[in-house]
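All remarks here apply to the structure that follows.
Note on naming: letters A, B, ... go to the chains in the order of the sequence lines (proteins, then strands), and numbering restarts at 1 for each one.
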There are 2 protein chains.
Amino acid sequence: MSGWEDIRREVLARIRSRAWPLGALIPTEATLAQEFGVARATVNRALSELARSGVLERKRKAGTRVAALPVRKATLDIPVIRAEVEARGEAYSLRLLRCNLAQPPLPVLARLGQDVGDMLHVETLHLASGRGFVLEDRWLNPAILPTPLPDFAAISANEWLVAHISYASGDIRFCAEAASDAAAAALGVAQGSAVFVTERCTWAPDAPITWVRLIHAPGYRLSTVL
Amino acid sequence: MSGWEDIRREVLARIRSRAWPLGALIPTEATLAQEFGVARATVNRALSELARSGVLERKRKAGTRVAALPVRKATLDIPVIRAEVEARGEAYSLRLLRCNLAQPPLPVLARLGQDVGDMLHVETLHLASGRGFVLEDRWLNPAILPTPLPDFAAISANEWLVAHISYASGDIRFCAEAASDAAAAALGVAQGSAVFVTERCTWAPDAPITWVRLIHAPGYRLSTVL
DNA sequence: ATGGCTATTATGTCTGCACATATTCCAAAG
DNA sequence: CTTTGGAATATGTGCAGACATAATAGCCAT
């Protein structure tokens, strides 16, 4: 009856009830440990979880305070596109539209660093039950690829990367755009349709790996629980 | 040189190098603890973090295995709109467009549960340096509101909620849409522009709290690091 | 006053141990 | 052959104590 989840709940209850107001300092771990009759490590676990989810802010020596302007944190799952299609109960297939070395456009260079020369430009159309689902426009650093190149017509660049270069660091951005003529044609939707766009940039510790832009067919939704 | 972050790094390195292939079982905590010369708790911490980020899958008795189809997990910060505007160095202001009791439309009812009757419909335009930034279309459960009602022209419903009803559970969805005529007019953009839409639904343990739809002005980007 | 050094203090992490809990696996009973 | 009921086992969590680290607060000398 006094595991770290119970402590977590109790602390949350005190915050909600305003017993500990927004922005206020709360008692130290040692004090709470004594009050609840548990070890300090247990309190630490509970408070650390709350800090991770944005409810508390902790600083050494300064103590723990209730976040003044709580920033809700949501975790997004970013699955491989094939898994995403299959999770909807649809049949996955892909069409490789392009795969050649070329000079990346300036915005891509700017994000990855100017020191890279030609990159592998791979364009893939991902289909769900034969209908356009996502158009993937990707630039790959050839230095990280094996020779001969993987067959991106059989396994998408998206999937090949998570299986072989997995767990790099990077950033991701989401936005809404009007579909370009080319994208609309590939996806089979009206020109200028509002499309959901995911833009990702990933890095190995030393060199850039890839820049990718996913143009999702209209109706796509990214969702998660809070 | 052997904190849990070092263990985490080493494990990640072994996964990347395919010393531990995708889908394979890895040694037990006890074994790794001995190999690295640390306590089991330290290994546990490292592996737990990796499981949380989707790299490993752990089950009692079954052991720990490398995730076969890794699902990248990204955490999104969902700040209060005012904070978001101010973080861009712009001046925040708001205009309350509507605030009245009404029967919610069917889609809203469906998501919140049919048992609620009339709800408070609040529409707010959030401005950054005087330009439309977000149009907030919100339905509130009146049962959770105090009397008299908060002055939503002074503090946005968005901000009032995080400060007073904070830390409920809920879900969130993002999509791209063409701006409706009304929304386009309010935001001051062309009709049919592609807009980024956030839709959120939050619940108290027992009753629904609110359903909200945020229509972001074109150019809005949601971003995070992986 | 003021700038910098030091002591203090709250959190962060580690250890070694223990017990709880969920699952698997195997063996015995039907 | 199937089902059921343990035993075995890997992870999950707890405890008490210790040291590490960061950041504040106060003190001292200039």
Side-chain angles (χ1 to χ4, degrees), chain A residues 1-15 19-71 73 75 167, chain B residues 1-15 19-68 70-71 73 75:
Chain A
M1 274 306 180
S2 59
W4 68 267
E5 295 210 71
D6 297 283
I7 309 284
R8 187 193 124 108
R9 242 192 309 280
E10 174 60 22
V11 169
L12 211 54
R14 292 191 186 180
I15 294 171
W20 293 341
L22 294 187
L25 267 178
I26 73 173
T28 69
E29 292 186 351
T31 308
L32 290 174
Q34 192 163 21
E35 180 192 335
F36 292 129
V38 301
R40 186 171 77 90
T42 307
V43 174
N44 181 284
R45 176 77 190 264
L47 299 188
S48 297
E49 294 285 334
L50 287 170
R52 186 198 300 269
S53 63
V55 175
L56 294 175
E57 285 167 4
R58 322 195 71 199
K59 259 185 2 197
R60 276 170 164 148
K61 158 75 180 173
T64 302
R65 58 181 63 247
V66 181
L69 261 197
V71 175
K73 296 208 161 101
T75 48
Y167 315 127
Chain B
M1 273 306 184
S2 60
W4 67 267
E5 295 207 76
D6 298 283
I7 309 284
R8 187 193 124 107
R9 241 192 309 281
E10 173 61 21
V11 168
L12 212 54
R14 292 192 185 178
I15 294 171
W20 294 342
L22 293 188
L25 268 177
I26 73 172
T28 67
E29 292 185 349
T31 308
L32 290 174
Q34 192 164 22
E35 180 190 334
F36 292 127
V38 301
R40 187 171 76 90
T42 307
V43 174
N44 181 285
R45 176 77 192 265
L47 299 188
S48 297
E49 294 285 336
L50 286 170
R52 187 199 297 271
S53 63
V55 175
L56 294 175
E57 286 167 4
R58 321 194 72 199
K59 255 177 22 189
R60 278 171 165 150
K61 161 73 180 173
T64 302
R65 57 180 64 246
V66 182
V71 175
K73 296 205 161 108
T75 45

(request) Mind checking the OG1-CZ spacing from A:Thr75 to B:Arg52? Nearest 0.5 Å is all I need. (result) 9.5 Å

(message) Can you list everything that forms a side-chain hydrogen bond (donor to acceptor under 3.5 Å, both in side chains) with A:Arg14? Sequence neighbours excluded, please.
(response) A:Glu10, A:Glu35

(request) Give, for atom CZ of B:Arg9 and atom CG of B:Asp6, the distance between the pair rounded to the nearest 0.5 Å. (result) 5.0 Å

(request) Round to a whole Å and report the spacing from NZ of A:Lys59 to P of D:dA25. (result) 10 Å

(message) Restricting to salt bridge (Lys or Arg N to Asp or Glu O under 4.0 Å), what partner residues turn up for B:Arg8, sequence neighbours left out?
(response) none

(message) I need the CZ-C1' distance between A:Arg8 and D:dG12, as an integer number of Å.
(response) 17 Å

(message) With rounding to the nearest 0.5 angstrom, report the OG1 to CZ distance, A:Thr31 to A:Arg40.
(response) 11.0 Å

(message) Between B:Leu47 and B:Ile26, is the side chain to side chain contact (heavy atoms under 4.5 Å, CB included) condition met? List the steps.
(response) CA-CA 11 Å; B:Leu47 299 188; B:Ile26 73 172; 4.3 Å; yes

(request) Mind calculating the distance between CD1 (A:Ile7) and P (D:dT13) to the nearest angstrom? (result) 14 Å

(message) Would B:Val38 and B:Trp4 count as a side chain to side chain contact (heavy atoms under 4.5 Å, CB included) here? Give the steps.
(response) CA-CA 9 Å; B:Val38 301; B:Trp4 67 267; over 6 Å; no

(message) Dot-bracket, 5' to 3', for DNA chain D please: Watson-Crick or G-U pairs under 3.5 Å, [ ] where pairs cross earlier ones, | where the partner sits on another strand, dots elsewhere.
(response) ||||||||||||||||||||||||||||||

(message) Below 4.0 Å from chain B heavy atoms, what is the first contacting nucleotide of DNA chain C and what is the last?
(response) C:dT13 to C:dT24

(request) Round to a whole Å and report the spacing from CZ of A:Arg65 to P of D:dA23. (result) 14 Å

(message) Whole angstroms only, please: what is the CH2-C1' distance between A:Trp4 and D:dT13?
(response) 10 Å

(request) Starting at CG of A:Leu56, measure out to CZ of A:Arg65 and round the result to the nearest 0.5 Å. (result) 11.0 Å

(message) Using 0.5 Å steps for rounding, measure from the CG atom of A:Leu32 to the OG1 atom of A:Thr42.
(response) 12.0 Å

(request) Please work out which residues in residues 26-46 of chain A have a non-hydrogen atom less than 4.0 Å from an atom of DNA chain C and list them by number. (result) A:Thr28, A:Glu29, A:Arg40, A:Asn44

(message) A:Arg58: which residues meet the salt bridge (Lys or Arg N to Asp or Glu O under 4.0 Å) condition with it, sequence neighbours left out?
(response) A:Glu29

(message) Please confirm whether the shortest side-chain N or O distance from B:Lys61 to OP1 or OP2 of D:dA8 is below 4.0 Å.
(response) no

(message) As an exercise, state the distance from CG of A:Asn44 to OG1 of A:Thr64, rounded to the nearest 0.5 Å.
(response) 9.0 Å

